Amino acid sequence: MQKNNKGFIDVLVGLQWGDEGKGKNIDELLSNGVYSAVARFQGGANAGHTIKSGDITFIGHIIPSGCLRKDIELYIGNEVVVDVVSLIKEISQLKDLGFDIKERLYISNRAKLVSYLHPFIDQAEEAYRSKGGNKIGTTSRGIGPAYSDSRSRKGLLVGDLNFTDFEQKEKELTELHMDILNMYKNECDFDMDEDKIKEAREKWLLTLEELKKLNICDLSFLIQKRLSEGKNILAEGAQAVMLDIDFGDYPNVTSSNTLPANVCLGLGVPHTMIRNVYGVIKAYTTKVGGGTFPSRISDLAVEKLFQDAGHEFGATTGRPRMCGWLDLFALRYAIGLSGANKIFINKADICPAENIEVVTGYEINGKILEEFPLRLNEVTGVKTEKLAGWGEANFGINDKEKATPELVTYLNYIKDKLSDLDVEIISVGTGPDRENSINW
Ligand code: GDP
Ligand code: IMO
Ligand code: MG
């Protein structure tokens, strides 16, 4: 099969702590006609990817960001944990917007089902962790528990729906989940309202019936077929490198591997099919949830300026995002891990500070680090460099010539700092709309 493949797979991932604008860039990359499909290969409805085209704004949690392009197939791979309620809701929202995606959506029969009790367990685990002051600040979407069940081989697969033993398997899993919840109930305080659980179950069962009517398939087979037809596929990362379960600041991470390496396992394709890796950053950095954020802006008033100007509130949970300076030390680590060779820099229109900083190194007790630390809470200080800010004058521009000199200096500075790596800046975002970017 592999020898006959004529198409290829490109991957796009976030290189910071999420919310870099991946959804926008996926949608933007589809305008060149190179790709026939977008595939989610990990994560679940913890993602919130915003796409904006004119009057239409859509936030996809589980549906790939090719949904506003009518000729693009949408794939959900086997390493995705499928929140069926979100999935069905998004399909219906898209229909209302004039995009009936059912025929072009394909879901791997090996994808993992998020059960209606996973979000409750997620909350219970958080309540338990917060007793020790170690809350992760998850999105409460049941991501951790769904991946745990998958790894311990108790979970339900989307394809299980078509087998007669589904009911029995689901019953056994529910019993186990209830035992877990009752155990936590005795230990800590969380919302285990029986009416809410009943309501969640009813919704879940109803939406499972809808899921059964969708294209559930051997996605690896379909993708390999498409590649052999000469079609190219864009793999859409969720979360970001710094939230990777193995390479992020464990345990303040998500429960999946977010790196491009996981495209092979998350879609069932050989690594030889992967060509470019697009990496996405913002001109500054944001983070939601627990854990240390080394580049966080220490002047809270300045942080608030970025939060307000950049509308930095979670697309999934609505939580305010912490804002930090661009962190080149973390970025170099993320580029190394991901192999990103083409960089998108978003939010170049957002710079509400007269002077900005860039983090160039971390230190622990006065010692500058060469390697990225295992635990970010060990970091005692950061090295920064200062540059001039540029206000909001670059909003909406498409022309490189119109960029303000301070922005050009900043981008050249980043380019220079990454010059020993095999990367190029290819696009600079100047607003949320698919049209708001400069080819760099
Ligand atoms: P994702 O999770 O990486 O897809 O990013 P989110 O959708 O969670 O957050 C990115 C936010 O920034 C969204 O509200 C986008 O509409 C917005 N956005 C993306 N690129 C730009 C940009 O260049 N400028 C501005 N002002 N907003 C942007
Ligand atoms: P997108 O794809 C930003 C964070 C949560 C929490 C940690 C674990 O929109 O960039 P989880 O619910 O996954 O168990 O939470 O990961 N997190 C994200 N932060 N953007 C995301 O997705 C995120 N998905 C999870 O805030 O700190
Ligand atoms: Mg997001």
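Order of appearance sets the numbers: ligands from 1, and atoms from 1 within every ligand. Keep in mind the model is a prediction, meaning the values are calculated, not measured.
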| message | Is a donor from one side chain sitting under 3.5 angstrom from an acceptor on the other, for Q16 and D327? | response | no
| message | With 2.8 Å as the limit, count the protein N, O or S atoms near the Mg ion (ligand 3). | response | 2
| note | Here the gap from Q123 atom CD to E125 atom CD, rounded to the nearest 0.5 Å, amounts to 11.0 Å
For residues 53-64, please give each side-chain donor-acceptor pair under 3.5 Å, one per line with the distance, not counting sequence neighbours.
from, atom 1, to, atom 2, distance (Å)
S53, OG, R434, NH1, 3.3
H61, ND1, A47, O, 2.7
H61, ND1, T316, OG1, 3.3

| So between L243, T254, N252, whose heavy atom ends up nearest atom 4 (C) of ligand 2? | L243
| field | Under 3.5 Å: N/O of G48 near N/O of ligand 2 | value | yes
| query | Do any N/O atoms on V288 end up under 3.5 angstrom from N/O atoms on ligand 2? | reply | yes
| task | With rounding to the nearest 0.5 Å, note down the distance linking CD1 in I356 to OH in Y413. | result | 9.0 Å
| Looking only at heavy atoms of K287, does any of them come nearer than 4.0 Å to an atom of ligand 2? | no
| CA sep, side-chain torsions, deciding dist, call: K22, E236, salt bridge (Lys or Arg N to Asp or Glu O under 4.0 Å) | CA-CA 8 Å; K22 298 176 289 293; E236 173 177 4; over 6 Å; no
| query | So which bit of R141 gets within less than 4.0 Å of ligand 2, heavy atoms only: side chain, backbone, both or neither? | reply | neither
| field | R319 near ligand 2 by a heavy-atom separation under 4.0 Å | value | yes
| query | Is any NZ, NE, NH1 or NH2 atom of the basic residue among E79 and R40 found under 4.0 Å from an Asp or Glu carboxylate oxygen of the other? | reply | no
| message | Show me, by chain and number, every protein residue that has a heavy-atom distance under 4.0 Å to ligand 1. | response | D19, E20, G21, K22, G23, K24, G48, H49, T50, A315, R321, N346, K347, D349, I350, G429, T430, G431, P432
| Centroid-centroid distance, Y362 to F372, less than 6.0 Å | yes
| request: Inspect the contact between E126 and R129 and indicate whether a charged nitrogen and a carboxylate oxygen are less than 4.0 angstrom apart. | output: yes
| note | Interatomic distance, CG@L15 vs OG@S338, rounded to 0.5 Å, equals 5.0 Å
| query | Quick one: CD1 on I26 to CG on L12, what's the gap to the nearest 0.5 Å? | reply | 4.5 Å
| query | Which of the listed options, P145, G289, G137, holds the heavy atom that is closest to atom 5 (C) of ligand 2? | reply | G137
| For ligand 2, the portion of T139 having any non-hydrogen atom under 4.0 Å away | both
| message | Is there a polar contact between ligand 2 and Q239, counting only N or O atoms under 3.5 Å apart? | response | yes
| query | Any idea which part of D122 is under 4.0 Å from ligand 2, heavy-atom wise: side chain, backbone, both or neither? | reply | neither
| Using 4.0 Å as the upper bound for N to carboxylate O, is an ion pair formed by R141 and D122? | no
| query | What residues, two or more places apart in sequence or in another chain, satisfy side chain to side chain donor-acceptor pair (under 3.5 Å) together with N341? | reply | N276
| Side-chain donor/acceptor of K287 to backbone N/O of R296, under 3.5 Å | no
| Looking only at distance, does D19 have an N or O less than 3.5 Å from an N or O of ligand 2? | yes
| remark: Between the OG1 atom in T292 and the CD atom in E378, the distance rounded to the nearest 0.5 Å is 9.5 Å
| Is the closest basic N to carboxylate O distance between E73 and K231 below 4.0 Å? | no
